[in-house]
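For reference, the structure discussed in these notes is given below.
By convention in this document, chain letters (A, B, ...) are assigned in the order of the sequence lines, proteins followed by strands, and residues within each chain are numbered from 1.
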Amino acid sequence: MKGARLLFIDDETGLLDLYETAFSREGYQVCRAATLEEARRLLEAGNIDLVVLDIRLAEESGLALLHEIKGRTPGLPVVLSTAYARYQDDFSSWLADAYVVKSSDLTELKRTVRACLEPRR
Amino acid sequence: MRYPGRCPRRGGRRSGGAVRSVASAQLVAAVRRITQVLERVLDPETAGWATLVGLTAGQGLGFNRAFILRVQGERLEGWLGVGPRTREEGAALWHELRENGVNPISTLERPDPAVVAAEQRRLAPLLRALSCPLDETSSRWHRPLVARRGHPLAAVRRWLAQLGSHSLAVIPVIGAGELWGVVLADNFITHRPILPAVLEAASTLVQALRTAVERIELLQRLSEEERRRISAEHAAAMLETARTLAHDLKNPLTVAGGLASEVAAVVGEQGGEFSPQLAAIVDAIRHAEARLAELVAGLASRATGTPLSAVDVTATVERVLSTFRPLAARRGIRFEVENQLAGELAAAVPSYLERCIENLVGNAIEALERAQVGDGCVRLALSADRTTVRVDVADNGPPLPPTMQTDPFSGGVTTREGGGGLGLASVRRLTDAMEGRVEYDESMAGWVRFSIFLRRWV
(Lines give C-alpha, C1' and ligand atoms only; values in the text may rest on other atoms or scores of the structure.)
Protein backbone atom coordinates (compact mmCIF):
# COMPACT_ATOMS: atom_id res chain seq x y z
CA MET A 1 0.00 0.00 0.00
CA LYS A 2 2.79 2.42 0.88
CA GLY A 3 4.42 3.91 -2.15
CA ALA A 4 1.18 3.90 -4.19
CA ARG A 5 0.74 6.90 -6.49
CA LEU A 6 -2.25 9.03 -5.56
CA LEU A 7 -3.60 11.79 -7.77
CA PHE A 8 -5.45 14.58 -5.92
CA ILE A 9 -7.60 16.83 -8.10
CA ASP A 10 -8.88 20.01 -6.47
CA ASP A 11 -8.99 23.65 -7.51
CA GLU A 12 -8.02 24.75 -3.96
CA THR A 13 -4.23 24.76 -3.92
CA GLY A 14 -4.31 24.98 -0.12
CA LEU A 15 -6.10 21.65 -0.02
CA LEU A 16 -3.61 20.14 -2.43
CA ASP A 17 -0.82 21.33 -0.11
CA LEU A 18 -2.60 19.69 2.80
CA TYR A 19 -3.10 16.40 0.95
CA GLU A 20 0.52 16.39 -0.18
CA THR A 21 1.80 16.99 3.35
CA ALA A 22 -0.48 14.47 4.98
CA PHE A 23 -0.28 11.64 2.45
CA SER A 24 3.45 11.99 1.85
CA ARG A 25 3.89 11.48 5.59
CA GLU A 26 1.89 8.27 5.21
CA GLY A 27 4.38 7.03 2.61
CA TYR A 28 2.37 7.59 -0.57
CA GLN A 29 3.63 9.28 -3.72
CA VAL A 30 1.41 12.31 -4.23
CA CYS A 31 0.55 13.86 -7.61
CA ARG A 32 -1.64 16.94 -7.73
CA ALA A 33 -3.76 18.72 -10.30
CA ALA A 34 -5.66 21.97 -9.90
CA THR A 35 -7.46 21.69 -13.24
CA LEU A 36 -9.03 18.88 -15.24
CA GLU A 37 -6.61 19.51 -18.08
CA GLU A 38 -3.68 18.95 -15.74
CA ALA A 39 -5.37 15.89 -14.33
CA ARG A 40 -5.93 14.37 -17.79
CA ARG A 41 -2.24 14.89 -18.60
CA LEU A 42 -1.16 13.08 -15.46
CA LEU A 43 -3.64 10.27 -16.03
CA GLU A 44 -2.44 9.78 -19.61
CA ALA A 45 1.11 9.50 -18.35
CA GLY A 46 -0.09 6.48 -16.34
CA ASN A 47 1.15 4.92 -13.12
CA ILE A 48 -1.64 6.39 -11.04
CA ASP A 49 -3.03 3.94 -8.49
CA LEU A 50 -5.93 6.00 -7.12
CA VAL A 51 -7.64 9.33 -7.78
CA VAL A 52 -9.18 11.65 -5.18
CA LEU A 53 -11.48 13.92 -7.14
CA ASP A 54 -13.29 17.07 -6.04
CA ILE A 55 -16.80 17.27 -7.47
CA ARG A 56 -17.09 21.01 -7.61
CA LEU A 57 -14.18 22.42 -9.59
CA ALA A 58 -14.09 25.99 -10.79
CA GLU A 59 -13.95 25.29 -14.50
CA GLU A 60 -16.12 22.19 -14.86
CA SER A 61 -17.67 19.40 -12.90
CA GLY A 62 -15.46 16.62 -11.61
CA LEU A 63 -18.21 14.24 -12.73
CA ALA A 64 -17.14 14.62 -16.34
CA LEU A 65 -13.69 13.34 -15.44
CA LEU A 66 -15.17 10.56 -13.33
CA HIS A 67 -17.07 9.30 -16.40
CA GLU A 68 -13.93 9.55 -18.53
CA ILE A 69 -11.80 7.65 -16.04
CA LYS A 70 -14.34 4.87 -15.58
CA GLY A 71 -14.78 4.63 -19.34
CA ARG A 72 -11.06 4.25 -20.04
CA THR A 73 -9.72 2.54 -16.93
CA PRO A 74 -12.61 0.97 -15.03
CA GLY A 75 -10.23 -0.62 -12.54
CA LEU A 76 -8.72 2.65 -11.36
CA PRO A 77 -10.32 3.52 -7.99
CA VAL A 78 -11.82 7.00 -7.75
CA VAL A 79 -12.74 8.57 -4.42
CA LEU A 80 -15.13 11.50 -4.76
CA SER A 81 -14.55 14.37 -2.42
CA THR A 82 -17.36 16.75 -1.56
CA ALA A 83 -17.83 19.69 0.76
CA TYR A 84 -21.04 18.51 2.46
CA ALA A 85 -22.85 15.20 2.82
CA ARG A 86 -26.02 16.60 1.24
CA TYR A 87 -24.15 17.03 -2.02
CA GLN A 88 -24.25 13.25 -2.33
CA ASP A 89 -27.51 13.68 -4.24
CA ASP A 90 -25.78 15.91 -6.75
CA PHE A 91 -23.74 13.29 -8.48
CA SER A 92 -24.00 9.82 -9.93
CA SER A 93 -22.23 8.20 -7.04
CA TRP A 94 -22.77 4.67 -8.36
CA LEU A 95 -19.78 5.09 -10.65
CA ALA A 96 -17.33 6.07 -7.94
CA ASP A 97 -15.68 3.60 -5.61
CA ALA A 98 -16.29 5.77 -2.56
CA TYR A 99 -16.98 9.28 -1.51
CA VAL A 100 -15.85 11.29 1.46
CA VAL A 101 -16.92 14.60 2.94
CA LYS A 102 -14.08 17.09 3.11
CA SER A 103 -12.80 17.71 6.60
CA SER A 104 -9.70 19.02 8.31
CA ASP A 105 -9.68 15.62 10.02
CA LEU A 106 -8.19 13.43 7.29
CA THR A 107 -8.75 10.16 9.16
CA GLU A 108 -11.77 9.18 7.02
CA LEU A 109 -10.03 10.04 3.74
CA LYS A 110 -6.92 8.08 4.74
CA ARG A 111 -9.03 5.07 5.73
CA THR A 112 -10.99 5.21 2.46
CA VAL A 113 -7.81 5.45 0.35
CA ARG A 114 -6.34 2.44 2.16
CA ALA A 115 -9.55 0.44 1.67
CA CYS A 116 -9.78 1.26 -2.03
CA LEU A 117 -6.16 0.29 -2.66
CA GLU A 118 -6.26 -2.98 -0.81
CA PRO A 119 -8.03 -5.23 -3.36
CA ARG A 120 -5.68 -4.18 -6.14
CA ARG A 121 -2.46 -4.94 -4.41
CA MET B 1 -84.17 27.11 6.41
CA ARG B 2 -83.61 23.94 4.42
CA TYR B 3 -83.44 23.21 0.74
CA PRO B 4 -85.63 20.26 -0.03
CA GLY B 5 -86.36 18.70 -3.34
CA ARG B 6 -89.18 19.84 -5.50
CA CYS B 7 -92.38 21.02 -3.88
CA PRO B 8 -95.39 19.42 -5.61
CA ARG B 9 -97.13 21.98 -7.78
CA ARG B 10 -100.58 23.05 -6.72
CA GLY B 11 -103.35 24.38 -8.88
CA GLY B 12 -105.64 23.21 -11.63
CA ARG B 13 -104.70 21.04 -14.56
CA ARG B 14 -103.93 22.50 -17.93
CA SER B 15 -104.35 20.93 -21.30
CA GLY B 16 -101.61 18.40 -22.25
CA GLY B 17 -100.10 20.46 -25.12
CA ALA B 18 -99.93 23.65 -23.07
CA VAL B 19 -98.33 21.78 -20.15
CA ARG B 20 -95.71 20.30 -22.46
CA SER B 21 -94.76 23.61 -24.04
CA VAL B 22 -94.64 25.41 -20.67
CA ALA B 23 -92.61 22.54 -19.25
CA SER B 24 -90.31 22.55 -22.24
CA ALA B 25 -89.71 26.30 -22.03
CA GLN B 26 -89.10 26.00 -18.31
CA LEU B 27 -86.58 23.20 -18.83
CA VAL B 28 -84.63 25.19 -21.38
CA ALA B 29 -84.64 28.28 -19.17
CA ALA B 30 -83.57 26.25 -16.13
CA VAL B 31 -80.77 24.48 -17.95
CA ARG B 32 -79.52 27.77 -19.41
CA ARG B 33 -79.58 29.50 -16.05
CA ILE B 34 -77.83 26.72 -14.18
CA THR B 35 -75.16 26.13 -16.81
CA GLN B 36 -74.37 29.86 -16.73
CA VAL B 37 -73.88 29.59 -13.00
CA LEU B 38 -71.67 26.53 -13.44
CA GLU B 39 -69.43 28.49 -15.80
CA ARG B 40 -68.69 30.98 -13.03
CA VAL B 41 -68.38 29.02 -9.81
CA LEU B 42 -64.91 28.51 -8.38
CA ASP B 43 -65.18 25.49 -6.15
CA PRO B 44 -66.38 21.96 -6.89
CA GLU B 45 -68.82 21.78 -3.98
CA THR B 46 -70.66 24.91 -5.09
CA ALA B 47 -70.85 23.49 -8.62
CA GLY B 48 -72.24 20.21 -7.31
CA TRP B 49 -74.70 22.00 -5.07
CA ALA B 50 -75.89 24.28 -7.89
CA THR B 51 -76.50 21.24 -10.09
CA LEU B 52 -78.48 19.43 -7.41
CA VAL B 53 -80.58 22.49 -6.64
CA GLY B 54 -81.19 22.90 -10.38
CA LEU B 55 -82.28 19.27 -10.63
CA THR B 56 -84.64 19.47 -7.67
CA ALA B 57 -86.01 23.03 -7.53
CA GLY B 58 -89.60 23.65 -8.63
CA GLN B 59 -88.29 26.24 -11.07
CA GLY B 60 -85.62 23.83 -12.19
CA LEU B 61 -86.09 20.27 -13.36
CA GLY B 62 -88.40 19.44 -10.50
CA PHE B 63 -87.08 16.11 -9.23
CA ASN B 64 -88.01 15.29 -5.62
CA ARG B 65 -84.36 14.67 -4.75
CA ALA B 66 -80.97 14.03 -6.36
CA PHE B 67 -77.54 12.68 -5.44
CA ILE B 68 -74.06 12.83 -6.94
CA LEU B 69 -71.63 9.91 -6.64
CA ARG B 70 -68.02 10.43 -7.74
CA VAL B 71 -65.39 7.91 -8.77
CA GLN B 72 -62.65 7.71 -6.18
CA GLY B 73 -60.10 4.99 -6.84
CA GLU B 74 -62.00 1.76 -7.35
CA ARG B 75 -65.27 3.01 -5.87
CA LEU B 76 -68.20 5.26 -6.53
CA GLU B 77 -68.55 7.37 -3.40
CA GLY B 78 -71.58 9.42 -2.42
CA TRP B 79 -70.52 13.08 -2.67
CA LEU B 80 -73.48 15.45 -2.39
CA GLY B 81 -77.23 15.19 -2.15
CA VAL B 82 -80.36 17.34 -1.95
CA GLY B 83 -83.87 16.32 -0.93
CA PRO B 84 -85.84 14.33 1.61
CA ARG B 85 -85.17 10.77 2.70
CA THR B 86 -88.81 9.90 3.45
CA ARG B 87 -92.29 11.08 2.51
CA GLU B 88 -92.74 12.56 5.98
CA GLU B 89 -89.47 14.42 5.78
CA GLY B 90 -90.49 15.67 2.34
CA ALA B 91 -93.81 17.01 3.63
CA ALA B 92 -92.08 18.81 6.50
CA LEU B 93 -89.34 20.26 4.30
CA TRP B 94 -91.71 21.53 1.63
CA HIS B 95 -94.02 23.00 4.24
CA GLU B 96 -91.10 24.91 5.73
CA LEU B 97 -90.05 26.07 2.31
CA ARG B 98 -93.50 27.44 1.52
CA GLU B 99 -93.83 29.05 4.93
CA ASN B 100 -90.52 30.88 4.52
CA GLY B 101 -91.16 31.80 0.90
CA VAL B 102 -87.80 30.39 -0.16
CA ASN B 103 -86.96 30.00 -3.81
CA PRO B 104 -83.90 27.70 -3.81
CA ILE B 105 -82.94 28.47 -7.38
CA SER B 106 -82.32 32.11 -6.47
CA THR B 107 -79.46 31.02 -4.19
CA LEU B 108 -77.62 28.91 -6.77
CA GLU B 109 -74.48 30.99 -6.95
CA ARG B 110 -74.12 31.90 -3.31
CA PRO B 111 -75.44 29.06 -1.20
CA ASP B 112 -75.41 29.48 2.56
CA PRO B 113 -72.51 27.26 3.72
CA ALA B 114 -74.37 26.42 6.94
CA VAL B 115 -77.37 25.18 4.94
CA VAL B 116 -75.15 23.11 2.63
CA ALA B 117 -73.29 21.60 5.58
CA ALA B 118 -76.53 20.75 7.42
CA GLU B 119 -77.98 19.12 4.31
CA GLN B 120 -74.85 17.02 3.79
CA ARG B 121 -74.81 15.97 7.46
CA ARG B 122 -78.45 14.91 7.20
CA LEU B 123 -77.83 12.92 4.03
CA ALA B 124 -74.41 11.48 4.95
CA PRO B 125 -75.70 8.00 5.96
CA LEU B 126 -77.74 7.74 2.75
CA LEU B 127 -74.78 8.89 0.62
CA ARG B 128 -72.61 6.26 2.30
CA ALA B 129 -75.24 3.62 1.62
CA LEU B 130 -75.33 4.58 -2.07
CA SER B 131 -71.54 4.17 -2.42
CA CYS B 132 -70.42 0.99 -4.14
CA PRO B 133 -67.44 -0.66 -5.85
CA LEU B 134 -66.94 0.41 -9.45
CA ASP B 135 -67.07 -3.15 -10.71
CA GLU B 136 -70.76 -3.29 -9.76
CA THR B 137 -71.45 -0.58 -12.34
CA SER B 138 -70.98 -0.72 -16.07
CA SER B 139 -67.91 0.40 -17.96
CA ARG B 140 -70.12 0.66 -21.07
CA TRP B 141 -72.38 3.39 -19.69
CA HIS B 142 -72.66 6.26 -22.07
CA ARG B 143 -76.29 7.32 -21.90
CA PRO B 144 -78.65 8.24 -19.10
CA LEU B 145 -81.43 5.82 -18.30
CA VAL B 146 -84.55 5.47 -16.19
CA ALA B 147 -84.13 2.37 -14.08
CA ARG B 148 -86.91 0.27 -12.58
CA ARG B 149 -87.02 -2.81 -10.40
CA GLY B 150 -85.27 -5.81 -11.86
CA HIS B 151 -82.57 -3.73 -13.55
CA PRO B 152 -79.74 -6.04 -14.69
CA LEU B 153 -76.97 -4.12 -12.86
CA ALA B 154 -76.48 -4.97 -9.18
CA ALA B 155 -75.52 -1.40 -8.27
CA VAL B 156 -78.65 0.04 -9.86
CA ARG B 157 -80.87 -2.54 -8.13
CA ARG B 158 -79.28 -1.59 -4.82
CA TRP B 159 -79.76 2.14 -5.44
CA LEU B 160 -83.44 1.54 -6.20
CA ALA B 161 -83.78 -0.45 -2.98
CA GLN B 162 -81.79 2.03 -0.83
CA LEU B 163 -83.86 4.95 -2.10
CA GLY B 164 -87.19 3.12 -2.20
CA SER B 165 -87.62 4.34 -5.76
CA HIS B 166 -90.00 2.88 -8.30
CA SER B 167 -88.30 4.78 -11.05
CA LEU B 168 -84.79 6.27 -10.84
CA ALA B 169 -82.92 8.51 -13.25
CA VAL B 170 -79.35 7.16 -13.51
CA ILE B 171 -77.10 9.58 -15.32
CA PRO B 172 -73.53 8.42 -15.87
CA VAL B 173 -71.01 11.24 -16.07
CA ILE B 174 -68.24 10.54 -18.55
CA GLY B 175 -65.00 12.51 -18.62
CA ALA B 176 -62.09 11.76 -20.99
CA GLY B 177 -63.74 8.48 -21.96
CA GLU B 178 -63.90 7.24 -18.37
CA LEU B 179 -66.65 7.16 -15.79
CA TRP B 180 -66.30 10.31 -13.64
CA GLY B 181 -69.42 9.81 -11.54
CA VAL B 182 -73.13 9.05 -11.49
CA VAL B 183 -76.09 11.28 -10.71
CA LEU B 184 -79.24 9.70 -9.30
CA ALA B 185 -82.60 11.49 -9.16
CA ASP B 186 -86.15 10.38 -8.52
CA ASN B 187 -89.72 11.45 -7.77
CA PHE B 188 -90.35 9.00 -4.96
CA ILE B 189 -93.04 11.17 -3.37
CA THR B 190 -94.89 12.67 -6.31
CA HIS B 191 -94.38 9.62 -8.58
CA ARG B 192 -94.24 12.00 -11.50
CA PRO B 193 -92.90 10.07 -14.49
CA ILE B 194 -89.38 10.93 -15.63
CA LEU B 195 -89.98 12.11 -19.18
CA PRO B 196 -87.26 11.75 -21.85
CA ALA B 197 -86.99 15.56 -22.15
CA VAL B 198 -86.39 15.89 -18.42
CA LEU B 199 -83.82 13.10 -18.51
CA GLU B 200 -82.07 14.79 -21.41
CA ALA B 201 -82.10 18.16 -19.63
CA ALA B 202 -80.73 16.50 -16.50
CA SER B 203 -77.99 14.86 -18.52
CA THR B 204 -77.06 18.22 -20.06
CA LEU B 205 -76.83 19.76 -16.60
CA VAL B 206 -74.75 16.90 -15.29
CA GLN B 207 -72.27 17.11 -18.17
CA ALA B 208 -72.00 20.86 -17.52
CA LEU B 209 -71.22 19.99 -13.89
CA ARG B 210 -68.47 17.62 -14.98
CA THR B 211 -66.96 20.28 -17.24
CA ALA B 212 -67.19 22.86 -14.46
CA VAL B 213 -65.54 20.61 -11.88
CA GLU B 214 -62.74 19.67 -14.29
CA ARG B 215 -62.20 23.35 -15.08
CA ILE B 216 -62.18 24.26 -11.38
CA GLU B 217 -59.80 21.43 -10.50
CA LEU B 218 -57.50 22.36 -13.38
CA LEU B 219 -57.44 25.99 -12.21
CA GLN B 220 -56.72 24.83 -8.67
CA ARG B 221 -53.89 22.61 -9.87
CA LEU B 222 -52.40 25.39 -12.00
CA SER B 223 -52.64 27.80 -9.13
CA GLU B 224 -50.99 25.29 -6.79
CA GLU B 225 -48.26 24.57 -9.36
CA GLU B 226 -47.57 28.28 -9.68
CA ARG B 227 -47.39 28.70 -5.92
CA ARG B 228 -45.03 25.72 -5.65
CA ARG B 229 -42.89 26.98 -8.52
CA ILE B 230 -42.41 30.41 -6.97
CA SER B 231 -41.73 28.90 -3.56
CA ALA B 232 -39.30 26.38 -5.04
CA GLU B 233 -37.45 29.06 -7.01
CA HIS B 234 -36.98 31.13 -3.86
CA ALA B 235 -35.87 28.09 -1.91
CA ALA B 236 -33.50 26.91 -4.63
CA ALA B 237 -31.90 30.36 -4.87
CA MET B 238 -31.45 30.48 -1.12
CA LEU B 239 -29.97 27.01 -1.00
CA GLU B 240 -27.59 27.70 -3.86
CA THR B 241 -26.35 30.85 -2.15
CA ALA B 242 -25.88 28.94 1.08
CA ARG B 243 -24.04 26.15 -0.69
CA THR B 244 -21.69 28.54 -2.46
CA LEU B 245 -21.02 30.43 0.73
CA ALA B 246 -20.47 27.23 2.68
CA HIS B 247 -18.20 25.81 0.02
CA ASP B 248 -16.09 28.95 -0.06
CA LEU B 249 -15.80 28.98 3.72
CA LYS B 250 -15.27 25.29 4.15
CA ASN B 251 -12.20 24.88 1.98
CA PRO B 252 -10.00 27.42 3.84
CA LEU B 253 -11.17 25.95 7.15
CA THR B 254 -10.28 22.47 5.99
CA VAL B 255 -6.85 23.61 4.88
CA ALA B 256 -6.13 25.54 8.09
CA GLY B 257 -7.38 22.77 10.34
CA GLY B 258 -5.68 20.02 8.36
CA LEU B 259 -2.32 21.73 8.26
CA ALA B 260 -2.53 22.61 11.97
CA SER B 261 -3.30 18.98 12.63
CA GLU B 262 -0.32 17.80 10.60
CA VAL B 263 2.00 20.28 12.33
CA ALA B 264 0.61 19.26 15.72
CA ALA B 265 1.35 15.62 14.93
CA VAL B 266 4.95 16.37 13.90
CA VAL B 267 5.54 18.64 16.88
CA GLY B 268 3.96 16.04 19.16
CA GLU B 269 6.28 13.33 17.86
CA GLN B 270 9.24 15.61 18.54
CA GLY B 271 8.00 16.57 22.04
CA GLY B 272 7.68 20.24 21.03
CA GLU B 273 6.36 22.73 23.55
CA PHE B 274 3.58 24.15 21.30
CA SER B 275 1.82 20.84 20.85
CA PRO B 276 -1.14 21.59 23.26
CA GLN B 277 -1.71 25.03 21.68
CA LEU B 278 -1.76 23.50 18.18
CA ALA B 279 -4.18 20.86 19.38
CA ALA B 280 -6.47 23.64 20.69
CA ILE B 281 -6.33 25.37 17.29
CA VAL B 282 -7.22 22.11 15.58
CA ASP B 283 -10.17 21.63 17.94
CA ALA B 284 -11.41 25.18 17.36
CA ILE B 285 -11.29 24.76 13.58
CA ARG B 286 -13.08 21.41 13.72
CA HIS B 287 -15.76 23.00 15.89
CA ALA B 288 -16.18 25.76 13.28
CA GLU B 289 -16.43 23.15 10.51
CA ALA B 290 -19.13 21.28 12.41
CA ARG B 291 -21.12 24.49 13.00
CA LEU B 292 -20.89 25.36 9.32
CA ALA B 293 -22.11 21.90 8.34
CA GLU B 294 -25.09 22.26 10.71
CA LEU B 295 -25.91 25.64 9.21
CA VAL B 296 -25.92 24.28 5.67
CA ALA B 297 -27.99 21.27 6.68
CA GLY B 298 -30.50 23.56 8.37
CA LEU B 299 -30.78 25.82 5.34
CA ALA B 300 -31.13 22.87 3.02
CA SER B 301 -33.90 21.33 5.09
CA ARG B 302 -35.80 24.63 5.09
CA ALA B 303 -35.47 24.94 1.35
CA THR B 304 -38.64 23.01 0.65
CA GLY B 305 -40.23 22.50 -2.72
CA THR B 306 -38.60 21.55 -5.99
CA PRO B 307 -39.62 23.00 -9.37
CA LEU B 308 -41.18 20.17 -11.33
CA SER B 309 -41.65 20.10 -15.06
CA ALA B 310 -43.17 17.80 -17.67
CA VAL B 311 -40.71 14.96 -18.24
CA ASP B 312 -40.80 12.39 -21.02
CA VAL B 313 -40.13 9.21 -19.05
CA THR B 314 -39.66 7.08 -22.16
CA ALA B 315 -36.86 9.33 -23.41
CA THR B 316 -35.25 9.42 -19.97
CA VAL B 317 -35.26 5.63 -19.70
CA GLU B 318 -33.84 5.29 -23.21
CA ARG B 319 -31.07 7.76 -22.39
CA VAL B 320 -30.10 5.85 -19.26
CA LEU B 321 -30.23 2.47 -20.98
CA SER B 322 -28.09 3.69 -23.87
CA THR B 323 -25.30 4.56 -21.44
CA PHE B 324 -25.57 1.17 -19.76
CA ARG B 325 -25.95 -1.00 -22.88
CA PRO B 326 -22.21 -1.48 -23.60
CA LEU B 327 -21.54 -2.40 -19.98
CA ALA B 328 -24.54 -4.76 -19.84
CA ALA B 329 -23.53 -6.40 -23.13
CA ARG B 330 -20.01 -7.04 -21.87
CA ARG B 331 -21.48 -8.70 -18.80
CA GLY B 332 -24.03 -10.77 -20.71
CA ILE B 333 -26.98 -8.93 -19.17
CA ARG B 334 -29.97 -8.07 -21.34
CA PHE B 335 -32.52 -5.27 -21.01
CA GLU B 336 -36.23 -5.76 -21.56
CA VAL B 337 -38.53 -2.74 -21.79
CA GLU B 338 -42.30 -2.95 -21.63
CA ASN B 339 -43.56 0.52 -22.45
CA GLN B 340 -47.28 1.13 -22.02
CA LEU B 341 -46.98 4.90 -22.05
CA ALA B 342 -48.76 6.70 -24.83
CA GLY B 343 -47.34 10.17 -24.49
CA GLU B 344 -48.12 10.61 -20.79
CA LEU B 345 -45.59 12.85 -19.03
CA ALA B 346 -44.42 12.80 -15.43
CA ALA B 347 -44.13 15.79 -13.11
CA ALA B 348 -40.44 15.50 -12.25
CA VAL B 349 -37.01 17.09 -12.21
CA PRO B 350 -35.31 15.68 -15.34
CA SER B 351 -31.89 15.22 -13.73
CA TYR B 352 -33.40 13.71 -10.56
CA LEU B 353 -35.45 11.19 -12.50
CA GLU B 354 -32.44 10.28 -14.62
CA ARG B 355 -30.36 9.71 -11.51
CA CYS B 356 -33.06 7.58 -9.91
CA ILE B 357 -33.26 5.31 -12.95
CA GLU B 358 -29.46 5.25 -13.26
CA ASN B 359 -29.13 4.16 -9.66
CA LEU B 360 -31.73 1.42 -9.95
CA VAL B 361 -30.41 0.07 -13.27
CA GLY B 362 -26.80 0.37 -12.04
CA ASN B 363 -27.65 -1.51 -8.85
CA ALA B 364 -29.49 -4.20 -10.81
CA ILE B 365 -26.51 -4.74 -13.14
CA GLU B 366 -24.14 -4.84 -10.23
CA ALA B 367 -26.25 -7.36 -8.33
CA LEU B 368 -26.56 -9.63 -11.40
CA GLU B 369 -22.85 -9.45 -12.07
CA ARG B 370 -21.78 -10.15 -8.50
CA ALA B 371 -24.16 -13.08 -8.21
CA GLN B 372 -22.98 -14.36 -11.60
CA VAL B 373 -26.56 -14.93 -12.78
CA GLY B 374 -26.37 -16.93 -16.01
CA ASP B 375 -29.30 -15.34 -17.82
CA GLY B 376 -29.22 -11.92 -16.21
CA CYS B 377 -32.06 -9.62 -17.16
CA VAL B 378 -33.03 -6.09 -16.16
CA ARG B 379 -36.68 -5.47 -17.00
CA LEU B 380 -38.15 -1.98 -17.12
CA ALA B 381 -41.89 -1.40 -17.26
CA LEU B 382 -43.39 2.04 -17.89
CA SER B 383 -47.07 2.68 -17.31
CA ALA B 384 -49.53 5.37 -16.25
CA ASP B 385 -53.00 5.73 -14.88
CA ARG B 386 -55.10 8.86 -14.53
CA THR B 387 -52.91 10.40 -11.87
CA THR B 388 -49.61 8.55 -11.76
CA VAL B 389 -46.70 7.59 -13.98
CA ARG B 390 -44.90 4.44 -12.87
CA VAL B 391 -41.42 3.12 -13.68
CA ASP B 392 -40.56 -0.42 -12.58
CA VAL B 393 -36.96 -1.61 -12.59
CA ALA B 394 -36.74 -5.34 -11.92
CA ASP B 395 -33.94 -7.86 -12.13
CA ASN B 396 -33.71 -11.63 -11.77
CA GLY B 397 -30.77 -11.39 -9.40
CA PRO B 398 -30.55 -12.37 -5.74
CA PRO B 399 -33.04 -10.89 -3.26
CA LEU B 400 -32.15 -8.24 -0.72
CA PRO B 401 -30.88 -9.61 2.58
CA PRO B 402 -33.78 -10.08 5.06
CA THR B 403 -32.44 -7.31 7.30
CA MET B 404 -32.83 -4.80 4.47
CA GLN B 405 -36.19 -5.94 3.15
CA THR B 406 -38.28 -3.96 5.62
CA ASP B 407 -36.79 -0.65 4.54
CA PRO B 408 -34.13 -0.88 1.84
CA PHE B 409 -34.14 2.91 1.43
CA SER B 410 -33.13 3.83 4.96
CA GLY B 411 -29.37 3.44 4.74
CA GLY B 412 -26.76 5.35 2.81
CA VAL B 413 -25.49 2.33 0.88
CA THR B 414 -27.36 -0.71 -0.38
CA THR B 415 -25.82 -4.14 -0.13
CA ARG B 416 -27.37 -6.78 -2.31
CA GLU B 417 -26.19 -10.31 -1.54
CA GLY B 418 -22.57 -10.48 -2.56
CA GLY B 419 -22.57 -7.09 -4.17
CA GLY B 420 -22.52 -3.41 -3.49
CA GLY B 421 -24.66 -0.65 -4.80
CA LEU B 422 -24.96 2.98 -3.99
CA GLY B 423 -27.92 5.20 -3.89
CA LEU B 424 -31.22 3.59 -2.82
CA ALA B 425 -31.42 6.17 -0.03
CA SER B 426 -30.61 8.75 -2.66
CA VAL B 427 -33.42 7.42 -4.90
CA ARG B 428 -35.86 7.88 -2.06
CA ARG B 429 -34.66 11.41 -1.32
CA LEU B 430 -34.93 12.33 -4.99
CA THR B 431 -38.39 10.80 -5.46
CA ASP B 432 -39.53 12.51 -2.25
CA ALA B 433 -38.23 15.79 -3.64
CA MET B 434 -40.34 15.19 -6.77
CA GLU B 435 -43.39 14.53 -4.58
CA GLY B 436 -43.31 10.92 -5.66
CA ARG B 437 -42.30 7.70 -3.96
CA VAL B 438 -40.25 4.57 -4.51
CA GLU B 439 -41.29 1.09 -3.44
CA TYR B 440 -39.62 -2.28 -3.30
CA ASP B 441 -41.25 -5.67 -3.69
CA GLU B 442 -40.49 -9.28 -4.52
CA SER B 443 -44.04 -10.24 -5.42
CA MET B 444 -42.93 -11.57 -8.82
CA ALA B 445 -41.24 -14.89 -8.08
CA GLY B 446 -37.53 -14.74 -8.85
CA TRP B 447 -37.50 -10.98 -9.41
CA VAL B 448 -36.44 -8.03 -7.31
CA ARG B 449 -38.44 -4.97 -8.28
CA PHE B 450 -38.19 -1.28 -7.46
CA SER B 451 -41.03 1.00 -8.57
CA ILE B 452 -40.94 4.76 -8.90
CA PHE B 453 -44.30 6.55 -8.75
CA LEU B 454 -44.55 10.14 -9.95
CA ARG B 455 -47.48 12.48 -10.38
CA ARG B 456 -48.74 12.57 -13.95
CA TRP B 457 -48.21 15.98 -15.55
CA VAL B 458 -51.51 17.59 -16.54
query = If you round to the nearest 0.5 Å, how far is CD of B/E262 from CG of A/L18?
reply =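 One finds 6.5 Å between CG of A/L18 and CD of B/E262.
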message = As an exercise, state the distance from CD1 of B/I285 to OG of A/S103, rounded to the nearest 0.5 Å.
response =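 Nearest 0.5 Å value for the CD1-OG distance: 11.0 Å.
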B/L253 portion near chain A, given a 4.5 angstrom heavy-atom threshold =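 Contact with chain A involves the backbone of B/L253 alone.
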inquiry  = Does atom CD (A/E38) have a neighbourhood of more than 12 heavy atoms from anything else shown, all under 6.0 Å?
reply    =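 Yes, enclosed.
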query = Should B/T323 and A/H67 count as side-chain neighbours, where that means a heavy-atom distance under 4.5 Å?
reply =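 Contact flag for B/T323/A/H67 side chains = no.
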query = Is any side-chain heavy atom of A/L15 less than 4.5 Å from a side-chain heavy atom of B/T254?
reply =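 A side-chain contact under 4.5 Å exists here.
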